[in-house]
Amino acid sequence: MPMFQPSRRDGVIVAGFDGSGDGQILDLDTAVKDGVLGGVGGGGIIAAGVNEKVDLKTMVEELDLPEIPSVFICPISLEPMQDPVTLCTGQTYERSNILKWFSMGHYTCPTTMQELWDDSVTPNRTLYHLIYTWFSQKYSLMKKRSEDVQGRVSEILETLKKVKGQARIQALKELKQVVAVHATARKTVVDEGGVAIISSLLGPFTSHAVGSEAIGILVNLDLDSESNTNLMQPTKISLMVDMLNEGSVETKINCTRLMEKLMEEKEFRSESISSHRLLVGLMRLVKDKKHSNGIMPGLSFLRSICLHKQVRGLIVSIGAVSQLVDLLPALEPDCLELALFILDTLSSVPEGKVALKDCPNTIPNMVRLLMRVSESCTQFALSILWSVCKLAPEECSSVAVEAGLAAKLLLVIQSGCNPVLKQRSAELLKLCSLNYSDTIFISKCKLTRTIQ
C-alpha cells in the first residue's frame, strides 16, 4: 500500500485520512461554509483581529465549551490545539504533545502508527487561524452576553430600590433566574451592593412571595461575613423558618441551604436554631416522599444542627429518632450515611439512647445495614447498636441476636475493615453472648439466617 503523501500549500489544512484514503483539504471559507467546523453561526466568521489582545490559551480556558469541532482536537491529549503542527503523514497534533511522544522514543505517527520517514514538524498556520477565529467568535459572544447580563443586573438592582408590590416580585423573579445561570450576574450583585438591597427586603412584615424570591437569590451568592451576620438577625431567621414550614418545596430547600451556610459563620449562635418550629419543618422536608429532592439538603442541615450539643435534646423531643429510623430502608447511600450520623450523634445524649431503644425498628434496621452499604454506615450502625445494647443488655441483646446480629458481627471481624470496627464488633458479640449458653449462642452465629 503506498504511503499517504499530504499536499502542502499555504492557506490550506490537510486534515489527514477521511475514511476513503484521501487527505481532506480544507480552506478557511470552505471549512466554515460546508459545516466541517460545526457551530460557527450566521454563515460567516469573525476576523481573528477582533480579539488580537486575547491569546488563544486564555480563550480556551475561559470558554470551557462542551462541544468543539473535532478537527481542532489533538488526537493525543483530546484537548483543543493551541500550536498545531503537521507530520509527514498528514496528521496534525499539538506541538508539545507530539514532541513529548518523540522524546519517549516513538518515531511513529500516533494516529496511523506509520513509521515516519521525516521527523520534522510543520506549523499548520491555516488550522491555527481557523481555531483562533472560531474561539474568537465564541469569546466575543460570551463577553457580549456577560456585558448584557451585567447591565441588566444593575438595572434590576436600581429597580428594587424604587418599586413595591407585584413589580418588586417580578424584579426579584427575573434576578433569581439570571443569578442561577450566570456567574457574571452573581458577581455583579455582590459588587454593586445587591446583597444589602435584597437582605433589607427580609423582615417581620415580608410576604412569602417576596421572601422566597429573595432567599432564592441569596442562597446562590458568595456572602461575606458582614452579610451573613446581617441575615442572622432574629426577624430574618424567623421568616426563613416560616417559609420552611409553609413555602413551596423549592423555597424550603433554599431556606435550608441558606440557614446551613449561616451556621458556618463564627458569630453564629445555637439559639438561632433552637426552635421547635424549625426542627418540625425540617423533618417534614426530610420525610416528604413526593419531593425526594429535599431529603439530602434537609439531612445535611439537620447534621449541622446536631453538632450543637445544646439542641440534641430538642431534636429528640420532636420524635426525630423514630422518624429517621423508619426512613432508613428507603434512603440512597449518601442520605443514609447522613441519617446514620445524625442518629449516632443523638445516641450521645441519654434521651437519644432511650428513644433508639424504644423504637422497634432500630435494631432490625441497624443489623440489616452492617456490611451492606459502606464502612462508614457499618461504623455508625455498630455504634448505635452498642449504645442500645449497653443501655438494656438483656432486652436489646436478645432482640439483636434474633435479628441475626451475631453472624453479622462475625462477618465484620473476619473482613478487612478498620481494626477499630473489628474491636467494637468483638465487644458487642461478647455482650450479646452473656444471655445464652455456648451451644445455643454458636447456633445463633450461623450465617444461614443473615446471608440475605
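From a predicted model like this one, the values you see are computed outputs, not experimental measurements.
- Of the candidates Leu409, Val420, Asp344, Leu382 forms a side chain to side chain contact (heavy atoms under 4.5 Å, CB included) with just one, namely Leu409.
- From Ile197, atom CD1 reaches atom CD of Glu158 across 7.0 Å, with rounding to the nearest 0.5 Å.
- In this structure, a donor-acceptor pair under 3.5 Å is present between the side chains of Thr111 and Tyr93.
- Between the side chains of Ser238 and Thr235, no donor-acceptor pair of N or O atoms lies under 3.5 Å.
- Checked by atom type and distance alone, the side chain of Gln170 never pairs as donor or acceptor with a backbone atom of Gln166 at under 3.5 Å.
- Looking only at side-chain heavy atoms (C-beta outward), Met366 and Leu343 come within less than 4.5 Å of each other.
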Carefully, step by step, assess Glu264 and Lys261 under the rule salt bridge (charged side-chain N to carboxylate O under 4.0 Å, His left out).
CA-CA 6 Å; Glu264 298 172 2; Lys261 286 173 69 174; over 6 Å; no
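- Within the 4.5 Å cutoff, the side chain of Leu356 has no heavy atoms near those of the Ile363 side chain.
- Counting heavy atoms from C-beta on, the side chains of Val190 and Leu223 never come closer than 4.5 Å.
- Looking only at side-chain heavy atoms (C-beta outward), Phe72 and Leu127 come within less than 4.5 Å of each other.
- In plain terms, the two heavy atoms of Leu314 and Ser274 that are nearest each other are CD2-C, 3.8 Å.
- Listed for the Thr362 side chain is no donor-acceptor partner under 3.5 Å among the backbone atoms of Lys357.
- Side-chain atoms of Lys176 never come within 3.5 Å of backbone atoms of Ile217 as a donor-acceptor pair (strictly under, hydrogens ignored).
- Scanning both residues, Arg284 and Asn245, for their nearest heavy atoms gives NH1-OD1, 2.9 Å.
- Distance check: Phe102 CZ to Asn97 CG gives 11.5 Å after rounding to the nearest 0.5 Å.
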Does the salt bridge (charged side-chain N to carboxylate O under 4.0 Å, His left out) test come out yes or no for Lys390 and Glu427, once each step is laid out?
CA-CA 11 Å; Lys390 194 73 174 174; Glu427 292 170 355; over 6 Å; no
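- For Asn361 (side chain) and Val325 (main-chain N/O), no donor-acceptor pair under 3.5 Å exists by modelled atom type.
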Could you check Leu302 against Phe341 for side-chain contact (heavy atoms from CB on, under 4.5 Å), going step by step and ending with a plain yes or no?
CA-CA 10 Å; Leu302 191 57; Phe341 176 91; over 6 Å; no
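- In this structure, Arg168 contributes its side chain and Val163 its backbone to a donor-acceptor pair below 3.5 Å.
- Thr229 and Glu265 share no donor-acceptor pair across their side chains, judged by distance under 3.5 Å alone.
- For the pairing with Phe380, the side chain to side chain contact (heavy atoms under 4.5 Å, CB included) check across Thr345, Ile342, Leu340 returns one residue only, Leu340.
- The closest side-chain donor-acceptor pair between Gln233 and Asn230 falls under 3.5 angstrom.
- For the pair Ile295 and Leu338, the minimum side-chain heavy-atom distance is 4.5 Å or more.
- Between Arg152 and Glu155, at least one side-chain nitrogen of the basic residue sits less than 4.0 Å from a carboxylate oxygen of the acidic one, meeting the salt-bridge criterion.
- Counting only distance, with no hydrogens or angles, the side chain of Ser272 and the backbone of Phe268 share no donor-acceptor pair below 3.5 Å.
- Taking every heavy atom of both residues into account, Cys359 and Asp326 meet most closely at SG-OD1, 4.3 Å.
- Note that the CG atom of Leu160 and the CD1 atom of Ile198 stand 6.5 Å from one another [nearest 0.5 Å].
- What you find for Glu260 and Ser304 is that their closest heavy atoms are OE2-OG, 2.9 Å.
- The side-chain heavy atoms of Tyr128 and Asp83, taken from C-beta on, include no pair separated by under 4.5 Å.
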Hey, mind stepping through Glu351 and Ser317 against side-chain hydrogen bond (donor to acceptor under 3.5 Å, both in side chains) and telling me if it holds?
CA-CA 8 Å; Glu351 53 266 55; Ser317 72; over 6 Å; no
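- Of the options Lys309, Arg312, Lys353, a side chain to side chain donor-acceptor pair (under 3.5 Å) to Ser348 is made by Arg312 and by none of the others.
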Carefully, step by step, assess Arg257 and Phe301 under the rule side-chain contact (heavy atoms from CB on, under 4.5 Å).
CA-CA 7 Å; Arg257 289 172 55 206; Phe301 186 28; over 6 Å; no
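- Rounding to the nearest 0.5 Å places CG of Leu282 at 11.5 Å from NZ of Lys287.
- Within the 3.5 Å criterion, the main-chain N or O of Val195 finds a donor-acceptor partner in the side chain of Ser199.
- In this structure, the separation between CG on Leu405 and OG on Ser398 is 11.5 Å, given to the nearest 0.5 Å.
- Residues Gly203 and Thr206 come closest through the heavy atom pair N-OG1, 2.7 Å.
- Neither side chain, Arg186 nor Asn220, offers a donor N or O lying under 3.5 Å from an acceptor on the other.
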Would you check, one step at a time, whether the test side-chain hydrogen bond (donor to acceptor under 3.5 Å, both in side chains) holds for Asp191 with Thr188?
CA-CA 5 Å; Asp191 292 347; Thr188 303; over 6 Å; no
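- A 4.5 Å side-chain heavy-atom check between Pro110 and Ile98 finds at least one atom pair inside the cut-off.
- The closest side-chain donor-acceptor pair between Glu94 and Ser77, if any, does not fall under 3.5 angstrom.
- When all heavy atoms of Asn293 and Pro297 are compared, the pair lying nearest together is O-CD, 3.3 Å.
- When atom types are taken as modelled, the side chain of Ser212 and the backbone of Ala209 share a donor-acceptor pair closer than 3.5 angstrom.
- Between Asn418 and Thr378 the shortest side-chain heavy-atom distance does not fall below 4.5 Å.
- Salt-bridge check for Glu246 with Arg277: passed, with a basic side-chain N closer than 4.0 Å to an acidic carboxylate O.
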As a quick check of understanding, evaluate side-chain contact (heavy atoms from CB on, under 4.5 Å) for Asp242 and His208, giving each step before the final call.
CA-CA 9 Å; Asp242 286 344; His208 285 191; 3.9 Å; yes
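- Here the straight-line distance linking atom CE of Met81 with atom CG of Leu130 works out to 10.5 Å at 0.5 Å rounding.
- Using modelled atom types, one side-chain atom of Lys422 and one backbone atom of Ser415 make a donor-acceptor pair closer than 3.5 Å.
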For Val210 and Ser207, run side-chain contact (heavy atoms from CB on, under 4.5 Å): C-alpha distance rounded to whole Å, both residues' side-chain angles, the deciding distance at 0.1 Å, then the answer.
CA-CA 5 Å; Val210 170; Ser207 69; 3.5 Å; yes
